> 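Submitted below is the structure of interest, expressed as structure tokens.
None of these values were measured; they are calculated from a predicted model.
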Amino acid sequence: MHRLDKRTSAWGKLDRAHPDRTTAPRLSLVGHSLDVAAVVRALLALPTWRKRLERLAGRPLNDTDLDRLTVLAFLHDVGKAGAGFQAKALTDEQQALWRRRHGVPFDQQGHTRIVAPLLGLEPAFQEHRLNLGVDAIRAWGGPSALAQEDVIDLWLASISHHGEPMAFSTTLRSLSALPHPTWTATVDGYSPLEGLAELGRTARALWPGAFSEDAPAFRPRQALIHGFAGLVSLADWIGSHTGHFPFDLGPQDAGRWTHSLAAAGQALRAMRIDVEDIRCDLRRRAPGFQQVFGFEPTAVQAGAADLPPCSPVVLEAETGSGKTEAALWRFKTLFEAGEVDSLCFLLPTRVAATGIADRVDRFMRDLFPDAGLRPNTVLAVPGYLRANAAEGQWLAPFTVQWPDREPGDPLFWAAENSKRYFAAAVATATIDQFLLSTLQTRHAHLRGSVLLRSLVVVDEVHASDAYMRALLLKALQRHHAAGGHALLLSATLTRDLRDELLRTGSSPATGGKGLGAPRPVPVAEAPPEADDYPRISAPGVVRTFGPSQSHKRIHHVLQPWMRDPESVARCAVQAVQAGARVLVLRNTVRQAVATQQAIEDLLGSEHPALFRCNDVVALHHGRYALPDRRALDARVGELFGKDAAQQRQAWVLCATQTIEISVDCDADLMITDLAPMDVLLQRLGRLHRHAKRQGFRPVGFETARCVVLVPPHDDLGALLSGGAGGMGIGRNSAYPDLLTLQATMNALRDGQRFPMLDIPGDNRDLVEQCCGRPALHRLAQTLGDDWMSHLQQLQGQTSAQGSAALFQCIDWAHPWREAVPGELSTQAKTRLGLDSIEVDLPPATRSPFDHVLERIAIPAWMLRSLPEEDDRGAPAVEDLRAGPDGLHFTVRGQAFTYTRLGLAQAD
């Protein structure tokens, strides 16, 4: 093993598993820095990554550019050359003594912010800058002082590899003027001046072209600075992996470089970040759609694949029409053409994401039958530990055991930390994970940069409020500005939202005035006589496919039972007794539980038609602990899915919105609360979903049936002064827009125009009439002043939510120094569904469904007092006891129950 001279050379990594850090094996700072620089250089050699970075740079990257980027990546850990960091190899007692002797504050033992004096102009550190070569690096920008500052910001983007953006602005300038004994003290014979000089000599020796006086001036665009930050974050994570870069990989000095380059290439291939071999194999085999899926493509599926490599593409087609297969085949087409290296499939809910994950895994196995030449897959949902269709298990805080795999297997690496999810070749995720890439929060740049090589598929793209939509548009603008690809799917998209999404593909140049005001995009208009649904749209492209050949007719009726769970239960029970499968969808958990209890009162708790999980009667909503929720999801598929289509057993399931999207569920009768028409059409997709069930439906249910629950007397106007039942403006209201609800109710009552719903024939008319902005404005004018005031209030809230979202965004066209880190606001956490408080439970706690529970999530709104921002510990569970009906416990003095009906506040 090549040894490190502990007295004169700086170390970069210690073997943390060694019991004595003072004698632990070490990797030199030069050696570790070379490993990370090699990963950056290997990433920049990959065609897709290179194209994205060049798009951000606004021009091709020449050899000198690549050398300069490599130098800055090599110097990402320059702060470790400080004596304070080097002292971390001492015992705690020795460190404390050393700090007192040299007057080094504890915070100067870090390695990021302490770089401030090296990048400033203070005379006290002129020798340090000379040894490292700071002035030579600054000179890359030429005579322009602004260009020189941009070069320093590019370097700082590399130094910010731990996910917290740093810029040489007010904060670092003020830090640079403070005393920095970490750069003047010595430790164990080591001098920071010599450590910096060794880094400088190595950089000049390996990449002389970067420092050539004949090289052209280099002023990096702001978008390149942002993208480079994420690139180095990924490279540091990979370059620190001792499985790929063991300490004894090569010499501890510049001679390690060739070894590091070879290891970087091997690591990227093993982790499926370099997919060129996989792409070549796919091109050689050239499988067809029917070979992979087992059936011929529909016109829409073929049309989505045949489009030229443009972006964004918006695909509108009815629920159950095969949009998922169209998206997967679009990925195959773009991947084969070298346009993308990875797939990011985004769903609005956890249930939807976990449901799609199996289909995505199966597609990857069928498209890439050789496991050695197959992209790795990850379920990118926090709380789950799943990759490549396998379930992992935590053995220790940083160790995961995967079935039949050694710990540290590179195919599973991305799944073991939520910040790395998108480093997998295929990630099935919730939309919030994508939106985190554009928010001012740690590791946003890592997420955003890694995603650039992906085809981003957003399913149910309409299912976002104003806040989420603003974040989505911003993230898509960044993605398209770098040349990325996106496919947006919906069954119920309004024209105005479609146009807004298409405009994300016409963002200003990445170094210009920002991405906040996209220019109009030319969209070819379909011929007037062409049917407008289904439809594929892209910048300059419109494809329509004529009337659908398949039609689902739904008999619908409105009933004033929204506040009457007993009447809802009687209707459901009557259908069950006729042999039907019944799905009851309520807008709130409270309504769902009340309806479930009313049904049980009528049927009796032992009735075989009641939905059960592990032989326990239950319902389906979002307030279940993770192990129970996963079992409930699976049980819904078993009882209502494709494999159960030809069974005659009657079932009744009460649920909330968790069941309405991307869940394989076929019901004969649906009883649903009133909801906006786009949401209602999604729910109706759970009716008569599988054709092979047609001969097994009970008498009277050969045609799909739906009962829509409305308030007594159809009076939505009473909710204008305050929401209730999940409708109207109010706290935690699911559907604050009463105008859309009124328009939906009006359409359902229009017996002349919609005597029965024809799906998908009526989809376009229903969505535009009930959700389109022009139609809603006309309706408000018709209904009177109170409704116009409601419309104005909604518009104000929409504007405020959009502004609040954009205020927290990172705009890659804006200066790097504006990318301040921060914690997500309460509003952001709530909108992204990240505001639940995880509560740890005692060991061996068992749920009502007999699953072992380690923790349970409590929505923040349920707790009167929340943990402080700096309180890293989870709130403690107090007085936990298991009763015959489930768990009873208190948290911060509040009483809760967790029963077969889910989590609830105790009375």
Side-chain angles (χ1 to χ4, degrees), residues 318-320 550-559 561 564-586 592 595-613 615 617-620 632-656 659-660 663-673 680-709 748 751 754-760 762:
E318 66 271 23
T319 299
S550 62
H551 293 266
K552 177 168 65 179
R553 300 190 182 278
I554 301 175
H555 176 77
H556 63 283
V557 61
L558 274 65
Q559 294 289 2
W561 302 337
D564 185 359
E566 288 76 19
S567 293
V568 177
R570 284 192 292 270
C571 180
V573 167
Q574 184 178 10
V576 166
Q577 291 171 340
R581 293 182 182 176
V582 182
L583 180 59
V584 183
L585 263 170
R586 305 307 308 264
T595 305
Q596 174 74 25
Q597 291 172 328
I599 291 172
E600 292 180 26
D601 289 343
L602 291 175
L603 287 178
S605 60
E606 302 301 319
H607 197 281
L610 293 172
F611 174 77
R612 285 177 170 81
C613 180
D615 294 325
V617 177
L619 62 164
H620 194 287
L632 289 165
D633 296 348
R635 188 60 172 160
V636 171
E638 292 171 8
L639 301 184
F640 288 83
K642 183 182 297 184
D643 292 339
Q646 295 177 320
Q647 299 175 9
R648 297 188 182 277
Q649 171 67 45
W651 297 106
V652 57
L653 168 64
C654 286
T656 60
I659 212 77
E660 72 189 22
V663 175
D664 185 14
C665 180
D666 182 310
D668 302 316
L669 167 68
M670 176 182 292
I671 306 173
T672 173
D673 278 324
L680 188 60
L681 288 172
Q682 287 295 144
R683 295 181 180 184
L684 295 178
R686 311 309 115 187
L687 277 172
H688 283 224
R689 187 174 179 86
H690 299 305
K692 67 179 183 179
R693 179 159 167 73
Q694 284 307 107
F696 295 84
R697 300 195 189 277
V699 175
F701 296 90
E702 297 86 352
T703 299
R705 294 176 55 189
C706 178
V707 176
V708 180
L709 308 176
L748 295 175
F754 303 109
M756 295 182 71
L757 298 181
D758 180 356
I759 307 300
D762 292 334

> For Val699, give me all partners under side chain to side chain contact (heavy atoms under 4.5 Å, CB included), at least two apart in sequence or on another chain.
Glu702
> How many angstroms lie between OG1 in Thr672 and NE2 in His556, if you round to the nearest 0.5 Å?
13.0 Å
> State which residue, out of Arg686, Arg683, Gln682, fulfils the side-chain hydrogen bond (donor to acceptor under 3.5 Å, both in side chains) condition with Glu660.
Arg683
> Tell me, please, which residues at least two apart from His551 pass side-chain hydrogen bond (donor to acceptor under 3.5 Å, both in side chains).
Asp758
> To the nearest 0.5 Å, what is the distance between CZ (Arg693) and CZ (Arg581)?
4.0 Å
> Could you tabulate the donor-acceptor pairs under 3.5 Å formed by side-chain atoms of residues 635-656, not counting sequence neighbours?
unit_1 : atom_1 : unit_2 : atom_2 : d
Arg635 : NE     : Arg612 : O      : 2.9
Arg635 : NH1    : Glu638 : OE1    : 2.9

> Under a 3.5 Å distance rule, please check whether Asp666 uses its side chain to pair with a backbone N or O of His690 as donor and acceptor.
yes
> Is there a side-chain contact between Val576 and His607 in this structure, where contact means two heavy atoms from C-beta onward sitting under 4.5 Å apart?
yes
> Only pairs at least two apart or in different chains count here, so list each side-chain hydrogen bond (donor to acceptor under 3.5 Å, both in side chains) that has a residue in residues 570-580.
Ser567-Arg570
> If you look at every heavy atom in Ser605 and Leu610, which pair is closest and at what distance?
O-CD1, 3.7 Å
> With the threshold set at 4.0 Å, does a side-chain nitrogen-carboxylate oxygen contact exist between Asp673 and Arg586?
yes
> Looking only at heavy atoms, which two atoms of Leu681 and Thr319 are closest? And how far apart?
O-OG1, 4.3 Å
> Would you say that Asp633 contacts His620 through its side chain, given a criterion of any heavy-atom pair below 4.5 Å between the two side chains?
yes
> Tell me, please, which residues at least two apart from Asp601 pass side chain to side chain contact (heavy atoms under 4.5 Å, CB included).
none
> Can you tell if the side chain of Thr703 reaches within under 4.5 Å of the side chain of Met756, non-hydrogen atoms only?
yes
> As an exercise, state the distance from SG of Cys571 to CD1 of Ile599, rounded to the nearest 0.5 Å.
9.5 Å
> Just how far is it from atom CG of Leu709 to atom CG of Asp564, taken to the nearest 0.5 Å?
9.5 Å
> Kindly compute the distance separating SG (Cys706) from CG (Asp668), expressed to the nearest 0.5 Å.
13.0 Å
> Return yes if some donor-acceptor pair links the side-chain N/O of His688 with the main-chain N/O of Phe701 below 3.5 Å, else return no.
yes
> Between Pro565 and Ala598, which heavy-atom pair has the shortest distance, and what is it?
O-CB, 3.8 Å
> With sequence neighbours left out, what residues match Ala667 under side chain to side chain contact (heavy atoms under 4.5 Å, CB included)?
Leu583, Leu687
